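Following: one structure in structure tokens, then a few remarks.
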Amino acid sequence: MEHIISFRPGRLPNEGRFCCEMTGITYPDRNYRVQRPKSGIYCLEYVISGSGNVLCGDERFSPTAGDVYLLPAGVRQNYQANPEDPFEKIWINMRGSLCDALYEQYDLSGAYLYPQRPLKSLFQSFLKLCEDNYANPRYVSVRGALIVHEIFAALSEPKKMDDDQTSDYASRAKKYIDLHAAEPLTVTQVAAHAGVSVSQLNRSFTKRYGIGPYRYYTDARMNMACSLLRNTGLQVQEVSRRLHFRDLHYFSAAFKEYAGVSPKRYRQQNAED
């Protein structure tokens, strides 16, 4: 069930600059799901309660109560409620050159999830603006653009983290790396999943685990390679392929740097043991 305020094409002035296509509230529904193969809108949402699962491009994350997420135009947008704890959320679907400019100028392309941002009142203000001024589309367009600008600016501000928050972000990143260690990952991807900037992730992860997230990821891949070489009959080339190294030469060089011997020699040594 949803409460929706929508504006048909042509109703708002200067739609090329800023256009709110729809805004509203989604109430808890275990079957709720939205799929956009290549979206033409920015989807901006504040989670009031519950939780859900989101796929934006190739990134997956799970927002919970108090989180904000921003899905940019031009990419796949799929999201659904957690059937066990479906979310209630306020959302804004919008497009226009102003959205593009704010997204770029506030440098928001590095993350989609913004955990625990106190922005509920701004989302409520936007929804109330549209409800109370539906007959005055020019005012909705001007005032709505200002509220969206304020939200984008707030999302761009670094979130101050106490020790518990630092530990939580590092733990979230570690779990993500552990689940995807066999896949090609970047620190930017891991930071986006954790909901922090790359610099914040590097600091929090190193503080918690004593090494940076990229070093942890590369060590995890090498540990998987060692396990495959010890416990399977896979050819070295197949081990390299399974761990998504770009070629056998690069894998062999990285493995030797990590283990001190080539993959072939490592297998021979462990077979002799």
Side-chain angles (χ1 to χ4, degrees), residues 2 4 6-7 9 12 15-24 26 32-47 51-64 67-82 87 89-115 117 119 122-123 126 144-145 147-157 159 169 172-173 175-177 179-180 183-201 213 217 244:
E2 293 186 279
I4 298 175
S6 63
F7 296 92
L12 296 178
E15 287 188 348
R17 182 182 63 194
F18 175 76
C19 177
C20 170
E21 292 192 352
M22 291 189 292
T23 184
T26 297
Y32 176 83
R33 177 190 297 265
V34 172
Q35 295 181 315
R36 303 186 186 101
K38 187 174 183 180
S39 177
I41 62 171
Y42 287 81
C43 179
L44 182 61
E45 311 212 346
Y46 175 86
V47 181
S51 61
N53 299 298
V54 180
L55 172 65
C56 183
D58 295 322
E59 294 295 317
R60 297 181 184 273
F61 53 92
S62 299
T64 60
D67 292 352
V68 174
Y69 60 92
L70 171 61
L71 312 182
V75 299
R76 173 175 49 175
Q77 299 176 358
N78 295 345
Y79 46 97
Q80 63 187 74
N82 177 353
F87 46 26
K89 55 195 179 71
I90 309 177
W91 46 269
I92 305 168
N93 290 350
M94 57 194 177
R95 57 180 169 81
S97 59
L98 177 64
C99 298
D100 297 334
L102 292 174
Y103 188 71
E104 178 181 357
Q105 292 301 315
Y106 281 111
D107 195 22
L108 298 177
S109 60
Y112 304 127
L113 177 65
Y114 300 85
R117 296 300 178 108
L119 302 179
L122 286 174
F123 280 81
F126 188 94
I147 296 174
V148 166
H149 192 158
E150 192 171 352
I151 293 173
F152 275 53
L155 293 180
S156 73
E157 290 294 322
K159 187 173 185 293
Y169 292 133
R172 186 184 299 189
K175 289 178 182 177
Y176 186 74
I177 293 171
L179 287 172
H180 301 277
E183 304 169 15
L185 286 180
T186 66
V187 177
T188 299
Q189 290 173 307
V190 177
H193 176 81
V196 292
S197 69
V198 170
S199 60
Q200 287 174 320
L201 177 62
Y217 165 61
H244 292 89

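Predicted model, so just to flag it, every value in this text is computed and none were measured.
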[X] and [Y]: which non-hydrogen atoms are nearest, and at how many Å?
X	Y	value
Met22	Ser6	CG-CB, 3.5 Å
Val190	Ala173	CG1-CB, 3.6 Å
Ala192	Leu113	O-CB, 4.2 Å
Cys56	Val75	SG-CG2, 3.7 Å
Asn93	Cys43	OD1-SG, 3.7 Å
Val47	Thr64	CB-O, 3.4 Å

Does any pair with a residue in residues 37-47 pass salt bridge (Lys or Arg N to Asp or Glu O under 4.0 Å), and if so which ones, sequence neighbours excluded? Glu45-Lys89
Taking the side chain as everything from C-beta on, heavy atoms only, tell me whether [X] gets closer than 4.5 Å to [Y].
X	Y	answer
Val54	Tyr112	no
Arg117	Tyr46	no
Phe123	Val68	yes
Leu155	Leu44	yes

Residue list, ring pair (Phe, Tyr, Trp, His ring centres under 6.0 Å) with [X], at least two apart or on another chain:
X	result
Tyr217	none
His180	Tyr176
Phe18	none

Reported [atom1]-to-[atom2] distance for the pair [X] and [Y], which is rounded to 0.5 angstrom:
X	Y	atom1	atom2	value
Cys20	Ile41	SG	CD1	9.5 Å
Ile4	Glu21	CD1	CD	12.5 Å
Leu108	Tyr114	CG	OH	4.0 Å
Ile147	Ile151	CD1	CD1	7.0 Å
Arg60	Asn53	CZ	CG	9.0 Å

Step-by-step side-chain contact (heavy atoms from CB on, under 4.5 Å) determination, Phe126 to Ile90: CA-CA 10 Å; Phe126 188 94; Ile90 309 177; over 6 Å; no
Looking at Asp100 and Arg95, is any side-chain nitrogen of the basic one under 4.0 Å from a carboxylate oxygen of the acidic one?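 So Arg95 does not pair with Asp100 through a salt bridge.
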Side-chain donor or acceptor of [X] paired with backbone N/O of [Y] under 3.5 Å:
X	Y	result
Gln77	Pro72	yes
Thr23	Trp91	yes
Glu150	Leu122	no

With sequence neighbours excluded, what pairs up with Ser97 under the side-chain hydrogen bond (donor to acceptor under 3.5 Å, both in side chains) test?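 Partners of Ser97 by the side-chain hydrogen bond (donor to acceptor under 3.5 Å, both in side chains) criterion come out as none, since no residue qualifies.
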Would you please classify the geometry between the Tyr79 ring and the Tyr32 ring as parallel, tilted or perpendicular, with 30° and 60° separating the classes? tilted
Take a 6.0 Å sphere around CD of Glu104 and say whether it holds more than 12 heavy atoms from other residues, nucleotides or ligands. no
Going by the rule salt bridge (charged side-chain N to carboxylate O under 4.0 Å, His left out), which residues pair with Glu59 if we only count those two or more places apart in sequence or in a different chain?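 Expected list: none.
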